[in-house]
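Okay, structure first, notes after.
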Protein chains: 2
Amino acid sequence: MGRLSAEDWARAALEALAEGGLAAVAVEPVAVRLGTTKGSFYWHFANRRSLIEAALALWEAGTEEIIAGLLEVPDPVLRMRTLLEFAFGDPVDAKVAFQLISAADDPLAAETARRVSARRLEFMGATLEEAGQPPGLARGRAVVGYGVYLGMAALHRVGAVDESIGDFMDLALSEMGLAD
Amino acid sequence: MGRLSAEDWARAALEALAEGGLAAVAVEPVAVRLGTTKGSFYWHFANRRSLIEAALALWEAGTEEIIAGLLEVPDPVLRMRTLLEFAFGDPVDAKVAFQLISAADDPLAAETARRVSARRLEFMGATLEEAGQPPGLARGRAVVGYGVYLGMAALHRVGAVDESIGDFMDLALSEMGLAD
DNA sequence: CCACCTCCATACGGTTGCGTATGGTTTTAC
DNA sequence: GTAAAACCATACGCAACCGTATGGAGGTGG
């Protein structure tokens, strides 16, 4: 593995967060995951808290990155479809979102989840408006669409639904009035 | 507080589960919550694991209880509306569902979440069928409706949406083709 | 080649939670 | 009223994890 950077630690922490929640973002277990020891960690970070912050920042940056890429897509309907492909194609994102919402007793986790969710809802709403939907309806459908995304990911995660990812996407599109 | 029963412990454990996840179902913290000590706990339970089992069983029993009550309502549309009133009126249930889904690395938590979710989806689907909807559509709408329920609870929990509970209910009803 | 800086391993003390042991207090049974 | 049962408090050993201290390996400039 060679020498490690702070970002290596942040990535590993984000993985741990997705799998085991905030409690799994623990120094020694993540060190094991990286094949190293605490000695390395406390060189790059002051404490466990700053590792959590780094992991959350990494996750939030991912959302901004995706949105920036989607802004290159001119057609709003295609843009929304592409967004859903990204969303349902990434199994980690919904897990992290879930873990953070569940860990809402942690102020930073709650605030990060709120900010990222709000950003996504705003982007989805704007795209639906651009597709010709009136503002109020666009907002409502964005909330429902993102809610379905989170809820479906949840049900899929525990095996309560068997429907394929593709079915979810078509369903979400039709819920938003964008059915083809 | 007087003397405690095993069910008192299970209830307190369920509260802790809703607020802090599986990790919060810890013997000593729950003892503090009850104003007692471990000595009481290990009289009623063999270990921490059995406390978790009791809390999960309590949660699952709640679903069955509600469904049993709803079976008394003859009209399927009214039955669905009553169900949603129960669902959105109980702030604890969705929290627990979320926590268990997040804690899906624990086999018992995952299996319980799966079983309860499947039971609810089945009940909702059957009710929609009884309301005159074709089976496939009824199933799909049940999945979407329950998914929205979970997702909305999540977004509401972190403050990403401000819409009132009542709005959620009307929205869910209209999504299921039961709008008045 | 050597002084220094970067990065990591190991050892230590402190905290929190699990599970056991043991004794004490309150209720119940007769 | 007393013996047994039910219930609870305290103290202990054990394990996981946090954060610190300290020293050592490996590259780099002079």
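Order of the sequence lines sets the chain letters (A, B, ...), proteins ahead of strands, with each chain counted from 1. Values below: every heavy atom of this structure, side chains too, minus hydrogens, waters and symmetry copies.
- A salt bridge (Lys or Arg N to Asp or Glu O under 4.0 Å) with Glu19(B) is found for one member of Lys95(B), Arg157(B), Arg33(B) and no other, namely Arg33(B).
- As a whole-Å value, the separation of Trp9(B) CH2 from dC7(D) P is 14 Å.
- Two rings, from Phe41(A) and Trp9(A), have their centers less than 6.0 Å apart.
- Note: CG (Leu51(A)) to P (dC17(D)) measures 14 Å, nearest angstrom.
- Between Arg3(A) and Thr36(A), the closest side-chain pair of non-hydrogen atoms is not below 4.5 Å.
- The separation between Phe45(A) atom CZ and dC18(D) atom C1' is 16 Å, rounded to whole Å.
- Other residues, nucleotides and ligands place more than 12 heavy atoms under 6.0 Å from the OH atom of Tyr42(A).
- The two residues Ser40(B) and Leu4(B) have their closest heavy-atom pair at OG-CD1, 4.1 Å.
- No side-chain heavy atom of Leu128(B) sits less than 4.5 Å from a side-chain heavy atom of Arg139(B).
- Remark: P of dC7(D) and CG of Asp8(B) are 11 Å apart, rounded to the nearest angstrom.
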Please list each protein N or O that sits under 3.5 Å from an N or O in nucleotides 15-21 of chain C, with the distance.
from	atom 1	to	atom 2	distance (Å)
dC18(C)	OP1	Val27(B)	N	3.0
dC18(C)	OP2	Val27(B)	N	2.9
dC18(C)	OP2	Glu28(B)	N	3.2
dC18(C)	N4	Lys38(B)	NZ	3.3
dG19(C)	OP2	Tyr42(B)	OH	3.1
dG19(C)	OP2	Arg48(B)	N	2.9
dG19(C)	N7	Lys38(B)	NZ	3.0
dG19(C)	O6	Lys38(B)	NZ	2.0

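- Between Thr36(A) and dA9(C) there is a side-chain polar atom (N or O) within less than 4.0 angstrom of OP1 or OP2.
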Between protein and nucleotides 24-26 of chain C, what N or O pairs are separated by less than 3.5 Å?
from	atom 1	to	atom 2	distance (Å)
dT26(C)	O2	Arg3(B)	NH2	3.4

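- Side-chain contact annotation: Arg119(B) with Thr63(B), donor-acceptor N/O pair under 3.5 Å absent.
- Neither OP1 nor OP2 of dT6(C) sits under 4.0 Å from any side-chain N or O of His44(A).
- Residues Lys38(A) and Glu28(A) meet the side-chain proximity criterion, which asks for heavy atoms closer than 4.5 Å.
- Going from atom CH2 of Trp43(A) over to atom C1' of dT20(D) covers 15 Å, rounded to whole Å.
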